[in-house]
Each structure stands twice: as structure tokens, then as C-alpha cells.
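First up is the structure itself, then whatever we jot down about it.
Below, chains carry the letters A, B, ... as their sequence lines are ordered, and counting in each starts from 1. Values below: all heavy atoms of this structure, side chains included; hydrogens, waters and symmetry mates excluded. Everything numeric here is computed off the predicted structure, so don't read it as measured data.
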Protein chains: 2
Amino acid sequence: MSVTIKDIAKAVGVSHSTVSRALNKSSLVNERTLARIRQMAGEMGYRPNVIAQGLKRKGTKTIALVVPDIANPYFITVAIGVQEKMRAFGYHMILANTNRNLETESEEIKLLCHRMIDGLVICPLSEASVPCLGYLREHEVPFVIVSRDVKGIATPVVLPDDFYGAYLATAHLADLGHTRIAHIAGPEKASVTVDRIAGYKAALSERGLSTDGQLVTMGPLDMSGGYEGARTFLERDDPPTAIFAANDLIAIGVLGYARERGIRIPEDIALVGFDDIDVARYLEVPLTTVAQPAREIGNRAGELLYEALHSPSETPLHRVIMRPTLVIRESSGAARREVGPRN
Amino acid sequence: MSVTIKDIAKAVGVSHSTVSRALNKSSLVNERTLARIRQMAGEMGYRPNVIAQGLKRKGTKTIALVVPDIANPYFITVAIGVQEKMRAFGYHMILANTNRNLETESEEIKLLCHRMIDGLVICPLSEASVPCLGYLREHEVPFVIVSRDVKGIATPVVLPDDFYGAYLATAHLADLGHTRIAHIAGPEKASVTVDRIAGYKAALSERGLSTDGQLVTMGPLDMSGGYEGARTFLERDDPPTAIFAANDLIAIGVLGYARERGIRIPEDIALVGFDDIDVARYLEVPLTTVAQPAREIGNRAGELLYEALHSPSETPLHRVIMRPTLVIRESSGAARREVGPRN
DNA sequence: AGAAATAATACACACGTGTGAATTTGGGTT
DNA sequence: AACCCAAATTCACACGTGTGTATTATTTCT
């Protein structure tokens with residue numbers, strides 16, 4: 001087993017409380033014994049048991065990141081952002097997956113609550129997650145919300161401007177001359193879905209284009225969602241000429257469907273994604289996409305959580321909105337405006 | 001705060017030890033009070049504090065996964081595999097990143113040791129990680145090694161047959177008529193590098209091809225490694241006609257370099273990767289690659305760790321070798337032998 | 001030098017839970 | 001009714017650490 005302060009106490013010949021003090025607020029302990037204790041601690045390779053400390057200090061230097069789908073590169077990038085920040089602060093990060101399932105989300109949050117995590121960063125599934133978040137509140141676990149907007153919960157939030165991003169993507173397609181622009185959206189009720197649909201429709205109506213509900217489908221934010229969405233649209237008699245996918249995985253699903261059916265992109269169908277995941281530029285057809293700074297979102301979320309963990313009670317309710325940018329590659333059929341391997 | 005057994009004890013009017021027993025081995029407590037306690041616990045929404053339990057029980061229902069690079073989709077897939085298994089067993093998973101840095105790895109392991117994790121799954125950097133693993137041993141933290149082979153450490157291991165996989169890849173290229181086949185390998189001294197180079201050379205010499213050291217470079221297992229490796233080879237006067245990349249990220253880096261320089265794949269250079277990450281089939285040039293069952297590797301590692309956590313002392317030293325398969329797509333210039341969106 | 005002030009250390013309890021041993025309660029037997 | 005045994009419950013301590021308070025050792029002042 002590990003050496004404890006008791007072991008050190010025995011070795012030096014003092015009580016464990018003196019050792020404890022020597023290793024923390026040194027003020028109350030004699031210069032000489034302090035030195036002896038510190039040295040002995042070093043020699044014996046003592047490291048405090050963070051968990052035991054946690055019992056007293058009410059904090060285990062552990063936070064959790066709860067996301068709907070860890071297989072999604074976007075969330076992985078956010079995770080990297082959170083992780084690198086929290087690591088710098090001396091925290092460890094538990095990675096939890098809700099699998100896009102409300103029950104799993106609820107259960108996971110409860111489990112996490114009772115393992116004395118100090119706080120968490122969460123991407124909630126939808127408004128329906130509010131009770132879970134309330135549970136966190138009751139148990140006084142600080143949390144920061146990322147990438148989703150949830151009404152009625154007063155807590156820091158870091159998210160992209162989904163409306164604006166969707167507007168950019170749709171406007172880009174419209175400006176290329178497309179008039180029948182479809183949108184493969186995410187799961188119903190999630191803010192990411194609502195806001196991106198709103199941005200999409202705003203761009204359309206601004207240009208006098210129909211915002212026909214027929215041109216929007218909803219489904220999971222993964223490849224299967226894109227594959228199914230593409231089938232829905234492209235099997236119709238009057239298929240759209242352009243698709244705005246709610247994220248890059250959906251766009252990849254569209255690519256897969258298109259390849260199967262011999263549909264060319266961008267010649268037959270123009271395609272725009274969202275997120276700009278790492279591989280977007282290396283795809284079969286380099287993907288025009290709305291880039292959101294996932295890593296920075298993670299960073300900021302980490303910082304805000306750290307603040308919340310260290311402010312006694314009332315911390316300003318930050319609401320960080322990150323502005324996305326449009327990265328034009330080939331899938332939209334426009335002239336390439338970005339080249340190079342990385343950056 | 002959360003309700004504790006003391007709260008329940010007060011509410012029911014018994015001592016906290018009775019409550020504790022009622023919620024665990026019910027045998028010693030009266031039928032009626034047991035029922036009352038259980039009900040009250042339910043009403044009050046009691047959940048045991050896993051951390052406090054950990055102090056006594058020596059176990060926090062937490063494990064860690066330590067990998068060199070969380071940005072690598074391969075490790076993410078392994079992580080998903082470990083996570084889904086451990087979650088089923090009621091464990092949480094801390095995700096730690098060593099950033100391919102020996103010091104970070106060492107520091108991280110020490111930190112983790114002292115937060116009472118029950119065990120860990122680790123992909124060590126190289127033989128140089130042995131001291132760290134010894135540290136785990138001393139502190140009696142069970143661990144399972146994945147995706148790397150380390151000599152002199154008696155612990156369960158789950159890894160792909162790197163030799164065989166590399167052999168498959170190289171043989172495939174050779175059988176397509178290539179005689180100058182280069183290999184962009186991983187970091188020096190890692191088993192993954194050594195074994196794949198060995199498999200590569202075995203395939204070459206079996207066919208009477210030169211195993212000229214000039215055709216092997218080593219570097220990081222990421223896109224930058226591929227980009228640099230490609231430059232090294234393709235700037236030469238006598239460039240190879242085929243490249244076997246030690247993983248898919250490297251292959252993507254090669255794709256990036258090739259695109260920049262107008263080099264066509266597979267016409268000018270045939271390319272084979274390793275791992276078969278999710279996006280490999282959707283790349284600019286669908287990637288011929290050696291598929292390893294990353295998720296299953298994670299699953300098996302999780303199972304072995306669970307065994308190790310629950311066997312008093314001597315558990316058989318499993319050594320699970322997963323056999324990889326070659327997935328032929330377009331980047332190697334061979335006839336396509338696999339199609340479809342997923343599976 | 002003796003009392004008072006101060007410095008240094010030990011004691012005891014706490015955090016939330018688990019558990020062996022002691023104690024109380026209840027039921028049955030004589 | 002006295003007794004015994006078993007069942008049920010409480011006591012007391014443990015895990016590793018932190019901290020208020022009591023205690024002891026040392027210095028300072030008169």
C-alpha cells in the first residue's frame with residue numbers, strides 16, 4: 001500500500017496531526033520538525049490520498065464531462081479542450097457517455113453526483129434534461145453547459161452561435177444559385193437543432209426562398225442520420241440540389257449514400273457540413289463546413305468550471321457565445337478558399 | 001448536501017450501523033426495520049457515497065485509461081470499448097493523456113495511484129515506461145496493457161498481431177508489383193514500431209526484395225508524422241512507388257502532402273494504412289488499411305481488468321492477441337474488395 | 001526565579017461508510 | 001419467575017486526512 005501520514009508520523013516520531021500540518025499550513029509547526037517531516041515524506045515517497053482528503057475537504061479534484069456521443073469527433077475535441085485545461089488545474093476528468101439516451105443521462109448524473117466529483121461539464125440532450133440539471137443543483141454540484149442551450153437553468157454556458165452558423169452555411173448555398181436547399185437536422189427539441197433550423201430558414205426567407213417543411217428532416221447527429229436523411233431527400237421525385245447537414249458526421253453519411261448511388265458531389269448535390277472535424281478536409285470530397293472552435297469551447301468551459309469551483313457562491317453567469325466561421329472547400333461546389341495540410 | 005446513512009438513521013430512529021447493514025448484508029437486521037430503512041432510504045433519495053465507501057472497501061469503482069494521444073481515433077475507439085464494458089460493471093473511467101511524453105506519463109500514473117483508482121488500462125509509450133508500471137505494481141494497482149508489448153512486466157495484455165498486420169499490408173503491396181515499398185513507422189522503441197517494421201521486412205525478404213533501411217522512417221503516429229514522412233521519401237531522386245503507413249493518421253498525412261504536390265494516389269504512389277479508423281473509408285482516397293478491432297480490444301481489456309480486480313491474487317496472465325485483417329479499398333490501387341456505407 | 005506569554009505538539013473528533021464485538025431486547029424453556 | 005439463548009441493535013473503532021482545542025515545552029518579562 002501507499003505510505004500515509006501515519007507512517008511518516010511513526011518514522012519521525014510525532015503525531016499524525018503534526019505531519020498533516022507540516023504538509024499543509026506549515027505556520028504552526030517548528031522549523032526543524034517541519035524540515036524533518038518534509039524530508040521523510042520525500043524519502044518515503046509520500047503522496048496524499050486525494051480521496052481521503054476529499055472526505056474532509058469536500059472535493060476530489062475530479063470533474064466529469066458528460067456528452068451524448070463520445071464517438072463524435074466534435075465532442076472528443078471538446079473533451080480534449082476541457083481535459084487540457086483541467087489537467088493544468090490539477091484535476092482529473094471522468095468521461096461519461098449518455099448515448100443520446102435520456103434515462104442513461106439521468107442515471108449517469110446521479111451516479112456521478114455520489115462519487116463526489118467537484119463539478120461537471122455537460123452537453124445535455126435537450127430541454128428534457130432540465131430535471132437532471134436540477135438534481136445537480138440540489139446536490140450543489142457546479143456545472144457548465146456546453147454546445148446546447150437550455151432555458152430555465154442559471155449556470156454558465158459555452159456554445160457556438162448555431163443560428164449564425166446555419167445562416168452562413170445556407171446563405172453560401174443560396175448564393176451559389178441553389179433554390180432547393182434541404183437540411184438534415186439533429187434530434188428534435190435539442191437547441192442545436194432548433195437554432196440551426198432557425199438560421200437555415202432565416203437565410204432562405206431573406207432571399208425569398210420557400211422554407212418548406214418538406215426540406216427538413218430530423219435524426220441522430222451521426223453517419224446513420226446522414227445516410228437516412230440523404231435517402232429521404234434523394235429518393236424523391238423532386239430532390240433538392242443542395243444539402244446543409246447539421247454536422248460533419250451527417251455530411252459523411254450523405255457522402256456514403258451518394259457514393260453508393262453514384263451521385264456526384266458537388267456536381268449533383270452540393271453539400272455543407274457543420275463542426276469542421278479534423279478529417280473534414282481529407283474526405284472523399286473535401287467538406288465545406290461551418291467551423292466551430294471545439295477545443296476553445298472545451299477550454300472556456302474548463303475555465304468557467306474552475307471559476308465556479310472556487311468562487312464561494314455567486315459567480316457571474318457567463319454566457320460565452322463563440323462565433324463560427326465558414327470554411328469553403330469542395331463539397332459545396334464553390335471555388336476553393338482554403339488549402340494546405342494543417343492551418 | 002446528499003443524504004447520508006446518518007440522516008436515515010435519525011429519521012428511522014436507529015443507529016447508523018443498522019442502516020449500513022440494512023443496505024448491505026441484510027442478514028443481521030430485523031425484517032421489519034429492514035423494510036422501514038429501505039423505504040426511508042428510497043423516499044429520501046439516498047445514494048451511497050462511493051468515495052467514502054472507497055476508504056473502507058479499498059475501491060472507488062473508478063478505473064483510468066491512459067493513452068499516448070486522445071486525439072487519435074484509434075484510442076478513442078479503444079476508450080469506447082473499455083468504457084462500455086466498465087460502465088456495465090458499474091465503474092467510471094477517467095481518461096488520461098500522456099501526450100507521448102514519458103514524464104507526463106510518469107506523473108500521471110503517480111497522480112492516478114493516489115486517487116484510489118481501482119485499476120487502469122494503459123497503452124505505455126515504450127519499454128522506458130517499465131519503471132512507471134513498476135510503480136503501479138508497488139502500489140498494488142492492477143493494470144492491463146493494450147496495444148503495446150512490454151517485456152519484463154507480468155500483467156495481462158491485449159494487442160493486435162502487429163507483425164502479421166504489417167506483413168499483410170506489405171505483402172499486399174508487393175503482390176501488386178511494387179518493389180520499392182517504403183514504411184513510415186511510429187516512434188522509435190515502441191513495440192508497435194518494432195513489430196510492424198519486422199512484419200514489413202519479413203514480407204519483403206520473403207519476396208526477395210531489399211529491406212533497405214533507407215525506406216523506413218520513424219516519427220509520431222499522427223498526421224504530421226505522415227506529412228513529414230511523405231516529404232522525406234517523395235523529395236528523393238528515387239522515390240518509392242508504395243508506402244505502408246504505420247497507422248491511418250499517418251496515411252492521412254501522406255494524403256495531405258500528396259494533394260499539395262499534385263501527387264496522385266494510388267496512381268503515383270500506392271498507400272496502405274493501419275487501424276481502419278471510422279473515416280478511413282470516406283477519405284479523399286478510400287484507404288486500404290489493416291483493420292484492428294479497436295473496440296473489441298477495449299472490451300477485452302475491460303474484462304481482463306475486471307477479472308484482475310476481483311480475483312484475490314493470482315489470476316492467469318492472459319495474453320490476448322487479436323488478429324488483424326486487410327481491408328482493400330482504393331488507395332493501394334487494387335480492385336475494390338469492400339463496399340457499402342457501414343459494415 | 002517565578003509567573004505569564006507564546007510556541008509547539010498531541011488529543012480528539014470529524015468526513016461517510018463498514019464491521020467485529022459488546023450490549024440490549026425478545027422469546028421460549030424449565 | 002428466573003434463566004438462557006438467539007436475534008437485534010448499538011458501540012466503538014477503522015479507513016486517511018484535516019482541524020479546533022487542550023496540553024506540554026519553551027521563551028520572555030519582571
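B/I8 places its CD1 atom 14 Å from the C1' atom of C/dG18, with the value rounded to the nearest Å. The separation between A/R32 atom CZ and C/dA7 atom P is 19 Å, rounded to whole Å. C/dT9 atom P lies 16 Å from atom CG of A/N24, rounded to whole Å. If you take CZ of B/R57 and P of D/dG16, they are 16 Å apart, rounded to a whole angstrom. Atom NZ of B/K61 and atom P of C/dT17 are 16 Å apart (whole Å). In this structure, CD1 of A/I51 is placed 15 Å from P of C/dT17, rounded to the nearest angstrom. In this structure, B/K10 places its NZ atom 13 Å from P of C/dT17, rounding to the nearest Å.
Look at A/R300 and A/E307 and you find no salt bridge, because none of the NZ, NE, NH1 or NH2 atoms lies under 4.0 Å from a carboxylate O. A salt bridge is defined here as a Lys NZ or Arg NE, NH1 or NH2 lying under 4.0 Å from an Asp or Glu carboxylate O, and A/K58 with A/D118 fails to meet this definition. With respect to the salt-bridge test (charged N to carboxylate O, under 4.0 angstrom), the residues A/E303 and A/K85 qualify. By the 4.0 Å N-to-carboxylate-O rule, B/R295 lies close enough to B/E84 to be salt-bridged with it.
Using a 30° and 60° split on the angle between ring planes, A/H310 and A/Y91 fall in the perpendicular class, above 60°.
Taking all atoms of both residues into account, the shortest heavy-atom contact from B/M116 to A/N49 is SD-ND2, 3.2 Å.
Phosphate proximity of D/dT17 to A/Y46: present, with a side-chain N or O under 4.0 Å from OP1 or OP2. The phosphate of D/dT17 has neither OP1 nor OP2 within less than 4.0 Å of any side-chain N or O from A/N49. One finds a side-chain N or O of A/Q53 lying less than 4.0 angstrom from the OP1 or OP2 phosphate oxygen of D/dG18.
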Go along nucleotides 6-15 of chain D 5' to 3' and tag each nucleotide: B for a protein heavy atom under 4.0 Å from its base, S when only backbone or sugar atoms are that close, - otherwise. --SBBBB-BB
